[in-house]
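Reviewing the structure listed below.
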Amino acid sequence: MTDIRENWIFAEKSINKINSATFQLITKMKSISEIPVTVVLLESQADSFENEIKQYGPDKILTVKDDELDKADDVSVASALSGLIDKFGTPISFIFAATTFGRSVAPRLQAKLLTGLTADCLDLSFEDDLLVQTKPSYGDNIMCEIVIPDFKPQMATVRPNIFKAEKVFDDTTKIVEINDLNWDKDANIQITTHVLPAKTDENLATADRIVALGRGGKQDLNNANELANKINATVGVTRPLTDMDEFDQSQQIGQSGETVAPDLLINLGVSGSVQFTAGIENANTIVSVNTDKHAPIFKQSDYCFNGSSEDFLKALNKVL
Ligand SMILES: Cc1cc2nc3c(=O)[nH]c(=O)nc-3n(C[C@H](O)[C@H](O)[C@H](O)COP(=O)(O)OP(=O)(O)OC[C@H]3O[C@@H](n4cnc5c(N)ncnc54)[C@H](O)[C@@H]3O)c2cc1C
């Protein structure tokens, strides 16, 4: 297979829109790549998501138009991407968002291509053509830099909301349309319809304001809900609270939950473990409430209230 001097990004689609993590990856790759950045987009004949993607300034978009592939499952998508590499050559790197879909497609493609993949990266950089992939390890206590010197494409999945997406205002993106890609259809699975998850209005990853409850704040759920309603915030939790009936895993913030980037984050009874703080690095203003004045969360907070979450919530709800 021939090598091509390009870095590729997989454009992930949620229902009827491009996942914002794709735009974040384009901005990041454009800032570190000295060679062209190409976005791979699979879409139906009627769609034109390339118009949205090109606002973020990739050098090229490979648009595969195929109504069947648009509805394909992760096994078939991996097959199609492998077919695309057969057709155009092996890029230097191929990057996916570390979403549920990206985490499923990327390793399937890696196995087909017999190359290396680093999952769940927090940062990327290049040393010439070598992609340096930074990811947390040992319970997030250290950051590892991983490289794949001997195989291509160098593959990585990157957590959403680590990088900021920025639109650009030049119109130089080249769009290449492909209408004849061969791919193996997975005969075992047929996707007949896409259904939006029930809680799209409370999506933590894109929420502007979050009230986060920890073990020290769980008894104040009613007051916390009242505050969240008043300031139009989404409620998130630390991992231990996902064992309670009131919460589920989709509300968990942190290393094994959501990475969030709100304008305002209010932590109530959250100690500030590294696994939790790994998910809040891009929050803008952090307010934390804790009865322990030495709680680690205070080190990462802009405003600290050393006291009980009950006192804090009652006082704040009263003035709002
Ligand atoms: C592989 C792995 C992955 C993990 N992933 C995640 C993850 O994604 N997200 C996550 O959150 N955790 C994760 N964890 C768990 C993590 O290590 C911590 O156990 C967890 O974050 C602690 O949650 P907490 O802060 O709610 O509880 P605690 O650590 O028990 O802290 C409770 C805090 O509340 C304070 N407090 C007590 N009473 C009050 C009160 N009345 N008012 C105000 N403050 C009070 C206490 O002083 C304390 O600081 C993971 C662990 C592992 C091993």
Side-chain angles (χ1 to χ4, degrees), residues 21 97-100 102-103 118-123 134-144 146 157-162 199 202-207 210-228 233-262 264-283 286-318:
T99 55
T100 308
R103 282 173 172 153
T118 306
D120 246 4
C121 296
L122 293 186
D123 201 7
T134 306
K135 70 164 286 175
S137 211
Y138 295 104
D140 265 8
N141 286 309
I142 59 165
M143 289 286 171
C144 294
I146 297 175
T157 64
V158 180
R159 269 196 221 160
N161 295 325
I162 299 292
K199 290 192 177 167
E202 293 184 359
N203 192 334
L204 266 188
T206 53
I210 295 177
V211 172
L213 279 175
R215 220 161 7 197
K218 65 180 181 197
Q219 68 288 349
D220 300 312
L221 177 57
N222 289 342
N223 288 333
N225 277 335
E226 186 182 333
L227 173 64
T234 302
V235 175
V237 294
T238 60
R239 214 226 52 82
L241 270 69
T242 60
D243 295 335
M244 293 170 59
D245 288 341
E246 290 87 344
F247 304 109
D248 62 48
Q249 224 262 326
S250 70
Q251 288 169 285
Q252 182 186 322
I253 297 169
Q255 177 194 331
S256 48
E258 288 288 351
T259 301
V260 298
L264 173 67
L265 169 67
I266 302 178
N267 296 308
L268 301 165
V270 173
S271 60
S273 68
V274 285
Q275 292 87 2
F276 176 81
T277 55
I280 63 167
E281 273 160 17
N282 286 334
I286 303 181
V287 179
S288 295
V289 178
N290 201 300
T291 45
D292 175 5
K293 68 176 180 193
H294 300 295
I297 194 70
F298 284 154
K299 291 205 181 94
Q300 257 179 271
S301 305
D302 301 288
Y303 299 94
C304 308
F305 178 80
N306 180 208
S308 79
S309 52
E310 185 184 7
D311 287 350
F312 176 87
L313 285 165
K314 279 191 176 155
L316 192 54
N317 281 333
K318 204 166 158 190

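Remember, it's 1-based here, ligands and their atoms both numbered in the order they're listed. Predicted model only: the values in this text are computed from it and were never measured.
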- Test Phe312 against Val287 for side chain to side chain contact (heavy atoms under 4.5 Å, CB included), laying out the working first. CA-CA 11 Å; Phe312 176 87; Val287 179; 4.2 Å; yes
- List every atom of ligand 1 that sits less than 4.0 Å from any heavy atom of Gly214, numbering the atoms from 1 in the order shown and giving each element. 26 (O)
- Kindly identify the option in Ile280, Thr291, Asp292 whose heavy atom sits closest to atom 36 (N) of ligand 1. Thr291
- Per side chain to side chain contact (heavy atoms under 4.5 Å, CB included), Gln251 is matched among Thr238, Thr242, Val237, Leu241 by Val237
- Of the choices Asn290, Leu241, Val237, which has the non-hydrogen atom that lies closest to atom 35 (C) of ligand 1? Asn290
- For the residue pair Thr99 and Pro160, establish whether any side-chain heavy-atom pair is separated by less than 4.5 Å. yes
- Message: If the cut-off is 4.0 Å to any non-hydrogen atom of Ile253, which atoms of ligand 1 fall inside it?
- Response: 7 (C), 8 (O), 9 (N), 10 (C), 11 (O)
- Flag the pair Ile210 / Ile253 as yes when at least one side-chain heavy-atom distance between them is below 4.5 Å, and no otherwise. yes
- Query: With atoms numbered from 1 as shown, which atoms in ligand 1 lie under 4.0 angstrom from a non-hydrogen atom of Phe276?
  - Reply: 11 (O)
- Message: With a cutoff of 4.0 Å, is Gly257 in contact with ligand 1, counting heavy atoms of the residue only?
- Response: yes
- Kindly indicate, with the supporting measurements, whether the criterion side chain to side chain contact (heavy atoms under 4.5 Å, CB included) is fulfilled by Val260 and Ile280. CA-CA 6 Å; Val260 298; Ile280 63 167; 4.0 Å; yes
- Message: If I take atom CD1 from residue Ile297 and atom CG from residue Leu265, how far apart are they, to the nearest 0.5 angstrom?
- Response: 7.5 Å
List the atom pairs, with distances to 0.1 Å, where a side-chain N or O of residues 211-221 and a protein N or O form a donor-acceptor pair under 3.5 Å, not counting sequence neighbours.
| residue | atom | partner | partner atom | Å |
| --- | --- | --- | --- | --- |
| Gln219 | NE2 | Gly216 | O | 3.0 |
| Asp220 | OD2 | Ser309 | OG | 2.5 |
| Asp220 | OD2 | Glu310 | N | 3.3 |

- Out of Gln252, Arg215, Arg239, whose heavy atom sits nearest atom 7 (C) of ligand 1? Gln252
- Query: Arg159 and Gln255: side chain to side chain contact (heavy atoms under 4.5 Å, CB included), yes or no, with the steps?
  - Reply: CA-CA 10 Å; Arg159 269 196 221 160; Gln255 177 194 331; 3.9 Å; yes
- Message: Heavy atoms only, cut-off 4.0 Å: how does Ser309 contact ligand 1, side chain, backbone, both, or neither?
- Response: both
- Item | Under 3.5 Å: N/O of Ser271 near N/O of ligand 1 | yes
- Item | Atoms of ligand 1, numbered as shown, that sit under 4.0 Å from any heavy atom of Gln255 | 7 (C), 8 (O)
- Task: Before signing off on this row, confirm whether Ala295 and ligand 1 have an N or O atom pair separated by under 3.5 Å.
- Result: no
- Query: Strictly under 4.0 Å, does any heavy atom of Gly279 approach an atom of ligand 1?
  - Reply: no
- Would a distance-only check, ignoring hydrogens and angles, find a side-chain to backbone donor-acceptor pair under 3.5 Å from Asn317 to Asn223? yes
- Message: Under 4.0 Å, counting heavy atoms only: does Gln219 come that close to any atom of ligand 1?
- Response: yes
